[in-house]
Amino acid sequence: MIKKNTNEHSFQFMLKEYEMLYSKFEMHYAAVEKTISFYFLIIGAVVSANSFFINNYDDFSIFNLSRCQLICSFFIFIMGSINLLKIIEHRLLIITYVKNLNQNRKWFSMNTFDNNELEKYSLFKTSYKSPKYYKKYRHFYWEVLGIAIINSIFISVILVNLIKKINWVSNYADLINFIGFILFMFISAYIFMFTYKNRGTNLEKDLTTRGLEE
């Protein structure tokens, strides 16, 4: 049952704020999509350009790149790192807006309907505690992980190529190079995921000190 004593000015203010927050959410979501597209455009352009300089594809190996190819790989890694950090910040902002939208929904539920009736018809919590900034295997975890792995491939290739320049000899050189490649890729991807987790955890802690309505 709808309450009759809800302040009209408060209602209009909360409604306008809800619309503003939703528009901000859409803006950041679109920014993430464009950033991801831009990153893959860079990879496609650089890799395609380098393919014209490969004389013999049968002898080509990612563990034996030229100086120019290493520079290109480093360029992709730097641009990818910047884009990935930008994506993480945008995603955290998106979740912040969603949390705020949930708080607004809570206000409407408590002040517009009797007995918090609106919550009975919603599958999503009307609380700033949902969704979490960082949650394994949920939300944006897979997206950030996927881009982190792709970006880490390029720094792994660079490091393995640099190590090869020591000219060490081994019967297991190919196996060692492959293991080193996987190891460097894992470490690099982990650093990005740790950054994402740390930022999300800190933001979650900050909210608990704000005294927000639960």
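We're numbering straight along the sequence, starting at 1.
Residue pairs satisfying the side-chain hydrogen bond (donor to acceptor under 3.5 Å, both in side chains) criterion with at least one member in residues 12-21, sequence neighbours excluded, are listed as follows: Glu8-Gln12, Glu17-Asn104. Sorted by first and then second residue, the side-chain hydrogen bond (donor to acceptor under 3.5 Å, both in side chains) pairs with a member in residues 37-52 read Tyr39-Asn151; sequence neighbours excluded.
Of the possible donor and acceptor atoms, none in the side chain of Lys99 sits under 3.5 Å from a partner among the backbone N and O of Ser127.
Distance CD1/Ile76 to CG/Asn83: 11.5 Å, rounded to 0.5 Å. Of the inter-residue distances, the one linking Leu15 atom CG with Ser10 atom OG reads 12.0 Å to the nearest 0.5 angstrom. Ile62 contributes atom CD1, which lies 9.0 Å from atom CZ of Phe178 (distance to the nearest 0.5 angstrom). For the atom pair Phe186 CZ and Ile182 CD1, the distance stands at 11.0 Å (nearest 0.5 Å). Separating the CD1 atom in Ile149 from the CZ atom in Phe192 is a distance of 12.0 Å, to the nearest 0.5 Å. Taking CZ from Arg91 and CD from Glu143, the interatomic distance works out to 4.0 Å, rounded to the nearest 0.5 Å.
A search for ring-ring contact (aromatic ring centres under 6.0 Å, His included) contacts involving Phe38 returns nothing, not counting sequence neighbours. By the ring-ring contact (aromatic ring centres under 6.0 Å, His included) test, Tyr196 is found to be paired with Tyr134, residues two or more places apart in sequence or in another chain being considered. Residues that satisfy the ring-ring contact (aromatic ring centres under 6.0 Å, His included) test with Tyr97, not counting sequence neighbours, are His28.
Between Arg199 and Glu89 there is a salt bridge, with a side-chain nitrogen of the basic residue lying less than 4.0 Å from a carboxylate oxygen of the acidic one.
Taking Ile, Leu, Val, Met, Phe, Trp and Tyr as hydrophobic and joining them when side-chain heavy atoms fall under 4.5 Å apart, one finds Phe194 in a cluster with Tyr190.
Between Lys205 and Thr208 the shortest heavy-atom distance is O-OG1, 2.5 Å.
In this structure, the side chains of Tyr128 and Asn102 stay at 4.5 Å or more apart for every pair of heavy atoms.
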